[in-house]
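Letters go in sequence order (proteins before strands), and every chain restarts at 1.
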Amino acid sequence: MDHRRGVAAGQLPGNGDLSGRPAPLSPDSPESLLDLVALPGSRRLRFAPSPTGQLHIGNVRTALLSYCLTGNEGRFLVRIEDTDRERYRPEAVPENLATLAWLGLAWDEGPDIGGPCDPYIESERLHYYRAAADRLLDVGAAYPCFCSRERLEELRAAQRAAGLPTRYDGRCRTMPQAESQAAIAGGADHVVRLRMPPGQSRWEDLVLGPQEFQNEEIDDQILIKSDGFPTYHLAQVVDDHLMGITHVVRGVEWVPSTPKHLAVYAALGWEAPALAHVPLVLGPDHKKLAKRHGAMAVSEYREMGYLPEALANFLAFLGWSPGTEEEIFSLAELRSRMSFERLQSSPAIFDQPRLDYLNGVWIRRLAVSDLAKRLAEFLPQATSEQLTEIAAMVQERIRRLDEVPALLEFAFNEPSPTVELLRGQLTPEAARQFLKLADPLLDGDLEELMERLKEAEAGSLPEDAKQAKQRFKECMQVLRVAITGQRVSPPLPESISLIGREAAHRRIAMAIEQLAQTA
RNA sequence: GCCCGCAUCGUCUAGCGGUCAGGACACCACCCUUUCAAGGUGGUAACCGGGGUUCGACUCCCCGUGCGGGUACCA
């Protein structure tokens, strides 16, 4: 039952001819290409990115949802939807796959690893779409259309001007077959259009509930473009059927074209998969998430130091919740817990502060050694020993990995604080005196450094407890700035150990000198 | 314009006729503390409006409003 090989193999036309002209089909029944041999018993969901650029947050959320809703028993597949030759960018295929892999969305079948429904790249499946189109043409569910783009544009402009819905006017809909055959034989440019049947289209959407459209309001969609490539509307239906897809998860922007897809399934005699249209992700201004809202590409989030664990956790909760008060979920937990019933039908806003919070949570959950590895790309100059030391000292205080370089600037570059920064609340002279006092104390056990400093600093002046405490804090800040050049840094003992005692002594000496000049 | 969808704190959400409308982020205060964090405690903050249905509506229905999506030889 694992061999749900839905298609007859070895029928690729013209050795992968991708030039745009579909190769002629073998004379024996092209329809055999479209017979799915065995239907799968468990769930099969797919993610079908269009390789026109980087995967963005919205895309990847759909991928995540599909992956999670596949469940532990099902199969998750990736298919490359490269039917748009104008926007196609070949490098986007490996990029997109790498992004999915980074997020941890492992696929069971896909363009790189193959599978029972090979190939998983639509441009290599042209013969299937052609066969499907021929069948649709045969049964009268589709028709050739010879209208030029110019005519279509004029038509739309006129309709818009008249305040009418912009739709194809059906000029070629009733062309006698003999006439159209002759035109095609004569080499006339044409497309294949779906003949939208009368009546209504209905389906029970897994997220939105019952849906109904009047078919007369739906346009006669182009299924095969004049370059011979299918549009999404055909390719997606054919492949989902051939690949045994059981559930389609996609954004709500596809709702209005679903009746077209349903019509194709019906005309081909196929059963449509279950449909789940998930709400969009919006920017803080409640508009569809777009470039102007900042980072869009998932790769940018990686560069900003977000963990894939946190991003997945965050994205999953944009439209889903477990119904309990739990909120930290690993990808594996999400996959075993997510269900269609609990998907939200209202759009969600991408709230970066919440992502930051979750990222902090996930950073703190990491083993120190793991954090050290992930920090490597943010601190290329650090050795692996330093990385481990750094990981331990920053783990509790960062929300994003990219905060680390600034926090540890002092470890890789000599600081040069101003006198103002150096002395803080103290007079230059008092600051200098304290540094002189503190300097030799660095040489003992660093773990007890704070105790020694406290002891040494105390008793210099008779004060009440509160004042003494405050004074000590100010002294510590002077020492911190002398050593790190920053008012905010990891704890002093760790900071010193990171740069080494000699460097610490040297920096203190320089600070003392600097303070002496102004004193 | 036409078609479709959505509507609980600022944000993510719980709620599926009777709750002091719960949690989390963010924010504020306090505690802890060598800074920053982390952690702890507490606080401010929501059912879009109007009609129904019902003994009773955040919850069900209708209308309005707002927001979003679609309206390509793009996906």
Identify whether any heavy atom of [X] sits under 4.0 Å from a base atom; if not, whether one sits that close to sugar-phosphate; answer base, sugar-phosphate or nothing.
X        : value
A:Pro491 : base
A:Thr83  : sugar-phosphate
A:Leu164 : base
A:Leu492 : base
A:Ser346 : sugar-phosphate
A:Phe350 : nothing
A:Glu86  : nothing
A:Pro490 : base
A:Arg399 : sugar-phosphate

Minimum side-chain heavy-atom gap A:Phe213-A:Val255 below 4.5 Å: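 In short, these two side chains touch, coming nearer than 4.5 Å.
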A:Val191 side chain near A:Phe146 side chain, heavy-atom distance below 4.5 Å: no
A:Arg156 side-chain N/O to B:rC73 phosphate OP1/OP2 under 4.0 Å: yes
Under 4.0 angstrom between A:Thr166 side-chain N/O and B:rG1 OP1 or OP2: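 Negative; the distance criterion is not met.
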Centroid separation A:Trp254 to A:Tyr232 less than 6.0 Å: yes
